[in-house]
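Right, one structure below, let's go through it.
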Amino acid sequence: MNCAEVAEYINTKEYQELNFKRETLVINPPKACQPLGAIFCASGFEGTLPFVHGSQGCVAYFRNNLSRHFREPFSAVSTSMTEDAAVFGGMNNLIEGLQNGFTLYKPKMIAISTSCMAEVIGDDLNSFVIKARELGTIPKDFPIPFAHTPSFVGSHINGYDNMLKAIIAHLTQGKKEKKNGKINIIPGFDPHVANIREIKRMLNLMGVEYIILSDSSDVLDSPQNGNFEMYPGGTKLEDTADSINGVATIGLQKFSTMQTIKLIQESFGHEGLSIYPPLGIKATDGFLMKIKRLTGRSIPEELERERGRAVDTATDAHQYIHGKRFAVFGDPDEVFGIVNFLLEMGGEPVHILTATGTKQFGDEIKVLLDSSPYGKQANLYIGKDLWHLRSLLMTEPVDMLIGDSHGKWAARDAGIPLVRIGYPIFDRVNLHRYPTIGYQGVINLITWIANTFIDEVDRKSDDAHFELLR
Amino acid sequence: MGFANTAEILKEPACNLNHQPDRACERPRGGESCAFDGAFIVLNPITDAAHLIHGPIACCGNSYEGRGSLSSGSRLYRYGFTTDMTEMDIVYGSEGKLKEGIEYIVKRYEPSAIFVYSTCIPGITGEDVEAVCKEAKKRTIVPVIPVIAPGFLGHKNLGNRLAGEVLLGRSCWIM
């Protein structure tokens with residue numbers, strides 16, 4: 001076969017079948033690893049130094065990745081294990097690292113996660129940290145939560161979960177007092193940090209007191225005022241400790257908060273539940289009604305009017321989305337939310353692909369798809385990669401791809417637009433500053449998707465069909 | 001052919017900043033990426049080759065499609081090929097998986113060459129990536145080139161050098 005024949009062949013159904021038989025090789029993976037999620041989570045706590053025990057290249061990748069997405073500096077340290085540490089164990093690296101991190105960067109907390117190397121050689125973090133305290137390297141009462149986050153298990157969403165669980169378990173120990181009347185919100189691995197601001201705004205309007213567990217909104221969307229701040233915000237440590245006295249905890253993502261929610265259900269003595277992200281009108285309604293039930297607060301008129309504006313936006317733009325075919329890929333929670341939103345708008349999800357989903361996710365999204373006439377054509381692909389997705393886009397074409405920046409080549413080959421939602425977004429600016437959840441999120445999503453379709457029409461029109469009115 | 005150790009590679013006798021011509025430059029500390037990253041970014045712009053990263057998802061998942069190359073020809077270099085090692089691969093070894101991965105790429109993509117990058121984990125568990133490449137090479141006309149630059153060997157600079165040595169066809173005995 002020559003190049004042109006190959007290019008044609010890889011667009012065929014026959015090739016797709018071979019492609020889906022591929023087992024030993026992953027091509028263009030739509031996922032990152034546990035420690036990336038772990039340091040993202042740790043950065044959302046006040047004065048916290050994310051600290052990775054492992055080789056230094058891993059942390060260089062995470063910082064560089066997170067900085068490219070958020071366009072903010074991202075501080076994290078590594079114990080920089082090399083050959084000698086691989087042979088003799090990483091205890092000296094860890095203790096020296098704690099000492100340097102504590103002395104140089106003056107954190108209020110050091111949150112340790114691990115990369116593969118430390119996990120393969122079996123470093124015992126617990127005993128190393130105890131040793132560091134015994135040696136006086138670190139004060140006895142200085143908080144050092146740690147989580148095992150090997151990259152060869154799970155993905156970034158599990159790393160987020162494991163780190164959050166470790167931080168919460170560490171800080172809330174022995175802090176049980178009388179109820180504080182507050183509600184705890186866990187945003188989950190959400191790369192659109194504006195979502196945290198949006199949640200806070202809605203809760204403020206309702207007059208609900210809350211604690212956001214891992215609030216990275218001020219850390220990864222910090223003001224430019226000429227001063228570098230190492231720790232520009234985050235959830236206060238005393239608030240985190242106090243979260244055990246809350247009236248309830250809600251995880252706004254199901255799969256990136258599973259272990260944490262389990263811990264809360266078992267040890268906090270209050271209701272702990274996780275929902276799919278409040279993406280779309282119905283899901284936002286559901287979220288607000290839950291808050292109402294848990295806190296007894298009513299929904300203020302301002303939010304009702306906002307809902308009305310979102311419904312109006314949907315009505316104004318429905319003709320651009322209704323009946324269009326979509327492919328969606330990304331992390332399970334985000335994919336679930338987007339599919340839910342599309343069904344609400346009469347968009348038809350055709351290919352739904354995730355590398356990080358589970359069987360439970362598959363079962364639940366099937367129920368969602370079955371509930372709508374627009375979900376009938378959808379096919380679900382769990383544990384697949386973007387090369388699989390490319391085959392699907394070629395054999396069963398759709399009108400639009402929704403996912404992160406890595407989807408841009410598949411979209412280009414298929415000649416369709418990509419609307420960027422998820423992580424990472426390296427090639428567009430400021431998207432993380434716009435919420436995708438809540439009624440405001442509905443307005444943003446509709447704006448992005450509908451305008452992208454209209455842009456396509458304009459770009460592809462000949463003179464006779466290039467119109468002012470669309 | 002071959003070097004005694006990594007320090008040997010880092011010798012820069014012609015460099016006027018290295019004041020000890022018989023020894024390597026002092027190793028920079030912190031802020032830098034790893035030897036694998038260094039090797040990968042040097043070789044990645046070779047556009048008609050496939051770049052297969054043998055390791056857990058971290059090494060490929062965080063790095064692929066990160067580097068451009070002003071090529072109007074092959075786009076193969078952008079593909080993030082990885083063996084995505086899991087727990088079971090670490091326990092039972094994943095040389096077989098790597099072998100199949102190489103064969104798949106040869107058959108489906110017919111690249112001009114395959115660079116096979118060994119990362120920390122196969123480095124620690126002691127997988128013989130060079131032998132797998134050598135064996136694969138026997139069954140194809142495509143050069144299957146091992147790049148033995150696991151992250152724990154050292155910093156990015158070292159990886160840059162190792163990749164250069166690979167391009168010159170010199171294998172580096174580093175362990």
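The structure displayed is predicted, hence computed values, not measured ones. Below, chain A is the first sequence line, B the second, and so on; all start at residue 1.
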Given heavy-atom pairs under 4.5 angstrom as the criterion, report whether the side chain, backbone, both or neither of [X] touches chain A.
X         : answer
Tyr64(B)  : both
Arg75(B)  : side chain
Thr119(B) : neither
Leu98(B)  : neither
Ile57(B)  : both

Verify the neighbour count for atom [atom1] of [X]: are there more than 12 heavy atoms of other residues, nucleotides or ligands below 6.0 Å?
X         : atom1 : answer
Tyr92(B)  : OH    : no
Glu5(A)   : CD    : yes
Ile141(B) : CD1   : no
Phe88(A)  : CZ    : no

* Under 3.5 Å side-chain donor-acceptor pair for His406(A) and Glu65(B) -> yes
What distance separates [X] [atom1] from [Y] [atom2], expressed to the nearest 0.5 Å?
X         : Y         : atom1 : atom2 : value
Arg108(B) : Ile10(A)  : CZ    : CD1   : 11.5 Å
Phe152(A) : Glu87(B)  : CZ    : CD    : 6.0 Å
Glu83(A)  : Leu153(B) : CD    : CG    : 5.0 Å
Leu52(B)  : Ile27(A)  : CG    : CD1   : 9.5 Å
Glu119(A) : Cys120(B) : CD    : SG    : 13.0 Å
Asp37(B)  : Tyr61(A)  : CG    : OH    : 3.5 Å

* So, does Ser55(A) use its side chain to make a donor-acceptor pair with the main chain of Phe152(B) at under 3.5 Å? -> no
* To do: Could you check Thr24(A) against Thr83(B) for side chain to side chain contact (heavy atoms under 4.5 Å, CB included), going step by step and ending with a plain yes or no?
  => CA-CA 6 Å; Thr24(A) 50; Thr83(B) 47; over 6 Å; no
* **Heavy-atom closest contact (Gly80(B) atom, Asn28(A) atom, distance)** => N-OD1, 2.5 Å
* What is the ring orientation for Trp387(A) with Tyr79(B), classed by angle as parallel under 30°, tilted 30 to 60°, or perpendicular over 60°? -> tilted
* Can Asn62(B) and Phe62(A) be said to form a side chain to side chain contact (heavy atoms under 4.5 Å, CB included), step by step? -> CA-CA 7 Å; Asn62(B) 291 307; Phe62(A) 310 148; 3.4 Å; yes
Examine whether an atom of [X] lies under 4.5 Å from a heavy atom of chain B, and if so say whether it belongs to the side chain, the backbone or both; otherwise answer neither.
X         : result
Asp413(A) : side chain
Tyr15(A)  : side chain
Asn64(A)  : neither
Met81(A)  : backbone

* Residue, of Ser151(A), Ser78(A), Ala85(A), Pro35(A), that accumulates the most heavy atom pairs under 4.5 Å with chain B -> Ser151(A)
* To do: Please determine, among Leu36(A), Leu18(A), Asp84(A), the option with the most heavy-atom pairs under 4.5 Å with chain B.
  => Leu18(A)
* **Option among Asp385(A), Val26(A), Leu25(A) that satisfies the side chain to side chain contact (heavy atoms under 4.5 Å, CB included) test with Asp84(B)** => Val26(A)
* Audit row: Val120(A), Ile90(B), side chain to side chain contact (heavy atoms under 4.5 Å, CB included) steps and yes/no -> CA-CA 8 Å; Val120(A) 169; Ile90(B) 292 168; 4.1 Å; yes
* To do: May I ask you to test the Thr86(B)-Val153(A) pair for a side-chain heavy-atom distance under 4.5 Å?
  => no
